[in-house]
Number of protein chains: 2
Amino acid sequence: MSRQRKATPPGIQHAPLELEHFLPYRLSILSNTISQGIADDYQRLYDLSMTEWRVMAVLARFEGLSAREVADRTAMDKVAVSRALARLVEAGRVSRHMADNDKRRSVLDLTEAGWAIHDVVAPMARAREQALLDKLDEDERRWLVRILDKLQER
Amino acid sequence: MSRQRKATPPGIQHAPLELEHFLPYRLSILSNTISQGIADDYQRLYDLSMTEWRVMAVLARFEGLSAREVADRTAMDKVAVSRALARLVEAGRVSRHMADNDKRRSVLDLTEAGWAIHDVVAPMARAREQALLDKLDEDERRWLVRILDKLQER
DNA sequence: TGCAAGTGGTTTCAAATGTAACTATAAAGG
DNA sequence: CCTTTATAGTTACATTTGAAACCACTTGCA
């Protein structure tokens, strides 16, 4: 057991943060708990890392992206994407060929095997999201979206 | 440039996730952006990692905690806490001595130097949080707290 | 007592990650 | 053209992180 700070040393106000009410901290805990929960699902099933899954998710939505574009859309850095792609291509989940107009650029797509995994994992992820949203009522869901939009404004 | 998926292969609905509207993903991006922003401040100033700062923050609020208790309160695992403490003690920012009733247990406190850092970093962190909250109006702030409470319910 | 099981904490080793340097190609400007 | 500068992507190296094994001490209980 521990005592909470009582008397502050004479004349000094330390004003410690209360982490449990500190917004950045709360977001961090919440976000990690959620993402890790989802990741556990597909890691167990397919030995797929979170970065790999994110790459697959954007390739499912946008075919023929380059590695750079994948990085932009996933907010991951290009090295992380390069490594994720190396594994995905190796595992036969993503196909990569060279763009004919620019030999530096790759053209990426999910393979059949990639789509098959996608079609299992995407619904699982959605179900997890739904389980979260089920904790909220209709009003709260609307406010949440609005608040996230505002917080993400630059 | 890339085209979005148009015709789905005959008879198959792939239903890709839209990451930019997917709650876990949005939270993850937002949270990382915010935490990293704050961390940049104190990393530059004091060569302090995020885990180290979190340990200091709980020790500021609760004196004499054990490493285990710090781990519980920060939602970090005990290895991470052990390492953070090793550095903090080494740097003279935290004092550690043995509990006299239990020789396994440590008793941790910020030193003068630790408090000095705390008293600079805590206001910076608070200012960052405030900058975030300033993007919201009074209603939105109230809803946000309420929503976070609900989402964190187990 | 004394021994099995549990707890606090550190160490070790492997995997993940970040940074910087590097290769290859493309674009832009003289 | 030819040189400089920029971009796509990978590689190498150092650092961080996580999982499991480990050590020391305590607790529960025969």
Side-chain angles (χ1 to χ4, degrees), chain A residues 1-2 28-29 32-33 35-37 39-40 42-44 47-55 58-59 62 64-91 94-109, chain B residues 1-2 28-29 32-33 35-37 39-40 42-44 47-55 58-59 62 64-91 94-109:
Chain A
M1 298 306 92
S2 72
S28 169
I29 299 295
N32 289 342
T33 307
S35 290
Q36 197 48 58
D40 286 347
Y42 52 73
Q43 264 162 24
R44 194 170 32 73
D47 182 31
L48 198 63
S49 74
M50 199 168 90
T51 56
E52 287 169 64
W53 166 245
R54 284 188 179 170
V55 168
V58 293
L59 290 180
F62 304 98
L65 291 183
S66 69
R68 181 93 228 297
E69 291 165 328
V70 170
D72 290 344
R73 291 194 176 272
T74 52
M76 295 162 43
D77 81 83
K78 63 181 188 157
V79 177
V81 170
S82 172
R83 290 199 258 239
L85 282 171
R87 283 202 72 208
L88 289 169
V89 170
E90 165 67 25
V94 166
S95 74
R96 165 161 56 188
H97 59 275
M98 180 185 286
D100 31 304
N101 50 335
D102 182 342
K103 289 179 198 157
R104 295 167 305 179
R105 208 172 192 102
S106 52
V107 176
L108 302 162
D109 288 290
Chain B
M1 298 303 93
S2 72
S28 169
I29 299 293
N32 289 343
T33 308
S35 291
Q36 197 48 58
D40 286 347
Y42 52 72
Q43 263 162 26
R44 196 170 30 73
D47 182 31
L48 199 62
S49 73
M50 198 167 92
T51 56
E52 288 169 63
W53 166 244
R54 283 190 181 169
V55 169
V58 292
L59 290 179
F62 305 98
L65 290 184
S66 69
R68 181 93 227 297
E69 291 166 327
V70 169
D72 289 344
R73 291 195 176 272
T74 52
M76 294 163 43
D77 80 82
K78 63 181 188 161
V79 177
V81 169
S82 172
R83 290 199 259 240
L85 282 170
R87 284 203 71 207
L88 288 169
V89 170
E90 165 66 25
V94 166
S95 73
R96 165 162 56 188
H97 59 275
M98 180 185 286
D100 31 307
N101 48 337
D102 182 343
K103 289 179 198 158
R104 296 167 306 178
R105 206 176 194 99
S106 53
V107 176
L108 303 161
D109 288 290

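So you know, we letter chains A, B, ... as the sequences are listed, proteins then strands, and number each from 1. Note that the structure is predicted; figures quoted are calculated from it, not measured.
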Considering only D/dG9, D/dA19, D/dT7, which nucleotide approaches the side chain of A/R104 most closely? D/dT7
Expressed in angstrom and rounded to an integer, what is the separation of A/R68 atom CZ from D/dA8 atom P? 5 Å
Pull out every stem in DNA chain C, meaning runs of 3 or more consecutive Watson-Crick or G-U wobble pairs with both distances under 3.5 Å. C:1-30 with D:1-30
Which part of the nucleic acid, if any, lies within reach of A/S49 when heavy atoms closer than 4.0 Å are counted: base, sugar-phosphate only, or nothing? nothing
Minimum heavy-atom distance B/Q43-B/M50, with the two atoms named: NE2-N, 4.1 Å
Minimal heavy-atom distance between A/V107 and A/G64, with the atoms involved, is CG1-CA, 3.8 Å
Please state whether the phosphate of D/dA8, meaning OP1 or OP2, lies under 4.0 angstrom from any side-chain nitrogen or oxygen of A/S66. no
Which pair of non-hydrogen atoms, one from B/A84 and one from B/V55, has the smallest distance, and what is that distance? CB-CG2, 4.1 Å
Just the rounded figure in Å: distance from P of D/dG9 to CZ of A/R96. 9 Å
In whole angstroms, how far is the C1' atom of D/dA19 from the CD atom of A/Q43? 14 Å
Picking from B/L59, B/D72, B/D109, what satisfies side chain to side chain contact (heavy atoms under 4.5 Å, CB included) with B/L65? B/L59
Between A/R83 and A/S49, do the side chains contain an N or O donor and an N or O acceptor separated by less than 3.5 Å? no
Separation of D/dA19 P from B/D77 CG (nearest whole Å): 7 Å
Starting from the 5' end of DNA chain C, give me the residue, A/V79 or A/D100, whose nearest nucleotide shows up first. A/V79
Sub-4.5 Å side-chain heavy-atom contact between B/V58 and B/E69: no
Could you tell me whether A/T51 contacts a base, only the sugar-phosphate backbone, or nothing, with contacts defined as non-hydrogen atoms closer than 4.0 Å? nothing
With a 4.0 Å cut-off on heavy atoms, is A/K103 in touch with a base, just the backbone sugar-phosphate, or nothing at all? sugar-phosphate
Taking all non-hydrogen atoms of both residues, which atom of A/L108 and which atom of A/A67 are closest, and how far apart? CD1-N, 3.6 Å
Pairwise 5' ranking along DNA chain D for B/M98 and A/V81, keeping only the more 5' one: A/V81
Minimum-distance pair of heavy atoms, taken over all atoms of B/L48 and B/Y42: O-CD1, 3.3 Å
Without decimals, in angstroms, what is the distance between B/R83 CZ and D/dA20 C1'? 12 Å
Quick one: does any side-chain atom of A/T33 pair with a main-chain N or O of A/I29 as donor and acceptor, under 3.5 Å? yes
Would you kindly give the CG-to-P distance between A/L85 and D/dG9, to the nearest whole Å? 9 Å
Quick check for you: name the first and last nucleotides of DNA chain C, 5' to 3', having an atom under 4.0 Å from a heavy atom of chain B. C/dG6 to C/dT12
Would you kindly give the CE-to-C1' distance between B/M50 and D/dT15, to the nearest whole Å? 16 Å
Let me know the distance between CE of B/M76 and C1' of D/dG18, rounded to the nearest Å. 13 Å
Do B/T51 and B/R87 have side-chain heavy atoms sitting under 4.5 Å apart? no
